[in-house]
Amino acid sequence: MSTDLIISGNEGNPTSFELIQKVDLKTLINTNIFSNGGKLKKIHELSNQNLGILLDEKLIIICSKTFKTIKIIEPDRSEIVSKKSFMGNKFIDFIELKNCDIVLWTSNVILIYDKECNLIQRIDEAEDGNLCHRKDYDYDSVTYYDINSIYEMKNGKLVSCNSYGLKFYEKDKDKYNLISTEKMEIDVHFIYEIKPNVLILLQKHYDESFGDMEGDDKYLISIYDIENKSLRKVFRSRVESMLGEYHKVNYIINKRYLFMCYGKSMEIFDYENNMKNICIENGDVYDYQDIFGNHQRIMKEEKRVRTVLANFSDSLFFGEDSKGNLNMYLFNNNILKVFYHFKFQNIIGVIKLKNNDFLLYSYNCELYHFTPIISNK
């Protein structure tokens, strides 16, 4: 790691990273839980120093210090299958709200639990008026409905980001009531509230246009003002895709920049400067290709950030290179460099803990606990 790099923020300079613990989650928790509950999907830090481990059909809550199981949320199949039965009966992700309610969702159904892990509400979002269509090479068109993510706004409202657009919920006593919906041109995958009632929309739609499993991903970034109901499109792109291989928009956001990976490139936007698209200034980073008749900028393979995973500080983030190697990257003064190389591959995600430690977790259900060694110089 280069020692002449200056890092902004209050974290100081990490000079190295110490592996505190390696955990085989299958062995530690129960191999049968994983074999019966599906593959590892997501891990998030919860309140009270707990971790939530999401599998296809259950959520396991463990203590982050002892790794002992505290609770298992395992809904009945009838609770996670939609009346429309779009085969979306596996969990996608979950969040813990500020009031400690836990929200899990499949592609069609939202389940909400209280802090004691009791189910308090089930919402089946797939309705006739909200169903969408995508091109299918064999069948011309297929009908679908996808809940992509759930977001909690600063005012406590919940937003379902889905193939229809946006659905807003507000809690009244113990129930979350649907208060409004907004139809969008392209499926909304994620949102981020940059100031009260102003959202960045990260959007993507896949069509199987060219052959069996061969199609294209259409990407769109928009700014949506909820009060004025105004929508401003700030970025569009279209890339070839094999069965929607880049299934979800891949992004991270820090205090100033939005980083989004797609196709063979990564775009950086300064949302404090009217979503200015930043050009990385160091070295020979870019190539250009004609894609669908447009001259598009891509990152050279040896420079490419294939996936962004998590922020570490205002200027450091975790990502994978074109070969799937895990790196920590430094982005400072429009210059992007590899700051630290980890000898890991097949990492699903990275969790930055409240104490500044971080966890890596892999497709093999291995969890690695690191702490940064900080220099105060």
Side-chain angles (χ1 to χ4, degrees), residues 82 84 86 88 92-93 95 103 105-110 123-136 141-155 157-170 176-209 215-239 241 244 246-253 258-263 267 269 271 274-275 277 292 294:
S82 169
K84 295 296 179 182
F86 287 106
I92 294 171
D93 206 343
I95 59 171
V103 182
W105 61 93
T106 70
S107 59
N108 296 168
V109 174
I110 301 170
I123 302 171
D124 188 344
E125 279 207 336
E127 301 173 359
D128 289 333
N130 295 333
L131 304 185
C132 302
H133 298 271
R134 64 163 56 98
K135 292 180 182 178
D136 185 273
S141 176
V142 294
T143 301
Y144 72 101
Y145 184 85
D146 285 335
I147 301 170
N148 295 308
S149 65
I150 305 292
Y151 185 85
E152 183 179 20
M153 294 177 58
K154 295 180 176 67
N155 59 14
K157 293 179 181 177
L158 288 188
V159 188
S160 165
C161 308
N162 52 68
S163 52
Y164 176 82
L166 301 172
K167 294 184 179 180
F168 294 84
Y169 295 86
E170 192 169 48
Y176 292 82
N177 299 316
L178 181 65
I179 57 174
S180 65
T181 62
E182 295 295 337
K183 173 64 178 167
M184 296 295 169
E185 173 190 349
I186 291 181
D187 314 35
V188 180
H189 279 229
F190 299 98
I191 63 172
Y192 184 80
E193 189 176 14
I194 52 176
K195 53 185 175 181
N197 292 312
V198 178
L199 308 175
I200 297 175
L201 310 186
L202 301 171
Q203 300 169 259
K204 173 184 171 294
H205 179 80
Y206 170 72
D207 283 315
E208 193 178 80
S209 307
D216 60 308
D217 287 324
K218 300 178 182 69
Y219 288 88
L220 176 64
I221 299 178
S222 307
I223 304 296
Y224 180 60
D225 188 312
I226 296 173
E227 292 183 349
N228 299 330
K229 294 187 180 298
S230 63
L231 187 72
R232 179 168 63 92
K233 299 171 184 177
V234 297
F235 176 79
R236 279 184 180 272
S237 189
R238 185 181 173 198
V239 299
S241 179
Y246 307 105
H247 179 58
K248 288 287 178 68
V249 175
N250 175 238
Y251 82 103
I252 54 173
I253 293 181
L258 160 66
F259 301 81
M260 185 181 79
C261 292
Y262 71 101
E267 303 293 338
F269 301 90
Y271 64 83
N274 201 32
M275 290 297 288
N277 195 332
F292 298 110
N294 296 315

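Here, residue 1 is the first one in the sequence, and each next residue gets the next number. Not measured: the values here are computed from a predicted model.
- With salt bridges taken as basic N to acidic carboxylate O contacts below 4.0 Å, none links Glu152 and Lys157.
- Residues Leu201 and Leu220 fail the side-chain proximity criterion, which asks for heavy atoms closer than 4.5 Å.
- To the nearest 0.5 Å, atoms OG (Ser149) and CG (Leu202) are separated by 9.0 Å.
- Considering CG of Leu199 and SG of Cys161, their distance stands at 8.5 Å, rounded to 0.5 Å.
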- request: For the pair Lys167 and Asn130, evaluate side chain to side chain contact (heavy atoms under 4.5 Å, CB included) and give the outcome as yes or no after the intermediate values.
  value: CA-CA 10 Å; Lys167 294 184 179 180; Asn130 295 333; 2.8 Å; yes
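- Counting heavy atoms from C-beta on, the side chains of Phe190 and Asn148 never come closer than 4.5 Å.
- Residues Glu267 and Asn277 have side chains that bring a donor and an acceptor to within less than 3.5 angstrom of each other.
- In this structure Phe259 satisfies the ring pair (Phe, Tyr, Trp, His ring centres under 6.0 Å) test together with Phe317, Phe331, sequence neighbours excluded.
- Side chains of Leu166 and Ile191 form a contact here, defined as non-hydrogen atoms less than 4.5 Å apart.
- Two residues are said to be in side-chain contact when any heavy atoms from C-beta on lie closer than 4.5 Å; Ile226 and Val198 fail this criterion.
- With rounding to the nearest 0.5 angstrom, the OG1 atom of Thr181 is 10.0 Å from the NZ atom of Lys183.
- Sorted by first and then second residue, the salt bridge (charged side-chain N to carboxylate O under 4.0 Å, His left out) pairs with a member in residues 124-133 read Lys84-Asp128; sequence neighbours excluded.
- Two residues are said to be in side-chain contact when any heavy atoms from C-beta on lie closer than 4.5 Å; Arg236 and Ile221 fail this criterion.
- Using the six-membered ring where Trp is involved, His205 and Tyr144 have ring planes that are tilted, between 30° and 60° apart.
- For Phe168, there are no ring pair (Phe, Tyr, Trp, His ring centres under 6.0 Å) partners, not counting sequence neighbours.
- Applying the ring pair (Phe, Tyr, Trp, His ring centres under 6.0 Å) criterion to Tyr192, with sequence neighbours excluded, gives no partner residue.
- Separation of atoms CG (Asn197) and OH (Tyr224) is listed at 10.0 Å; rounding is to 0.5 Å.
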Steps toward side chain to side chain contact (heavy atoms under 4.5 Å, CB included) verdict (Ile147, Ser160): CA-CA 7 Å; Ile147 301 170; Ser160 165; 3.9 Å; yes
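- Between Ser163 and Cys132, the shortest heavy-atom contact is O-SG, 3.3 Å.
- For the residue pair Tyr145/Asn162, the side-chain donor-acceptor check at 3.5 Å is satisfied.
- Taking the side chain as every heavy atom from C-beta outward, Leu258 and Met275 approach each other to under 4.5 Å.
- Between the CE atom of Met260 and the CD1 atom of Ile200 there is a distance of 11.0 Å, given to the nearest 0.5 Å.
- A 4.5 Å side-chain heavy-atom check between Tyr176 and Val103 finds every atom pair outside the cut-off.
- Lys195 meets the salt bridge (Lys or Arg N to Asp or Glu O under 4.0 Å) test with no other residue; sequence neighbours excluded.
- By the side chain to side chain contact (heavy atoms under 4.5 Å, CB included) test, Asn228 is found to be paired with Asp225, Ser230, residues two or more places apart in sequence or in another chain being considered.
- One finds a salt bridge joining Asp216 and Lys218 here, because a Lys/Arg side-chain nitrogen approaches an Asp/Glu carboxylate oxygen to under 4.0 Å.
- Side-chain contact between Ser107 and Asp146 is present, with at least one heavy-atom pair separated by less than 4.5 Å.
- If you run side chain to side chain donor-acceptor pair (under 3.5 Å) between Ser222 and each of Glu185, Gln203, Arg232, Lys233, only Gln203 comes through.
- Interatomic distance, CD1 of Ile110 versus CD1 of Ile150, reported as 3.5 Å (0.5 Å rounding).
- A donor-acceptor distance shorter than 3.5 angstrom exists from the side chain of Lys154 to the backbone of Glu193, with no hydrogens or angles considered.
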task: Go through Ile179 and Tyr169 one step at a time and tell me if the side chain to side chain contact (heavy atoms under 4.5 Å, CB included) criterion holds.
output: CA-CA 6 Å; Ile179 57 174; Tyr169 295 86; 6.0 Å; no
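- Between Phe235 and Phe269, the gap from one ring centroid to the other is short of 6.0 Å.
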- request: Apply side chain to side chain contact (heavy atoms under 4.5 Å, CB included) to Cys261 and Tyr251, showing your working.
  value: CA-CA 6 Å; Cys261 292; Tyr251 82 103; over 6 Å; no
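- A salt bridge does not link Asp207 with Arg134: every distance from a Lys NZ or Arg NE/NH1/NH2 to an Asp or Glu carboxylate oxygen is 4.0 Å or more.
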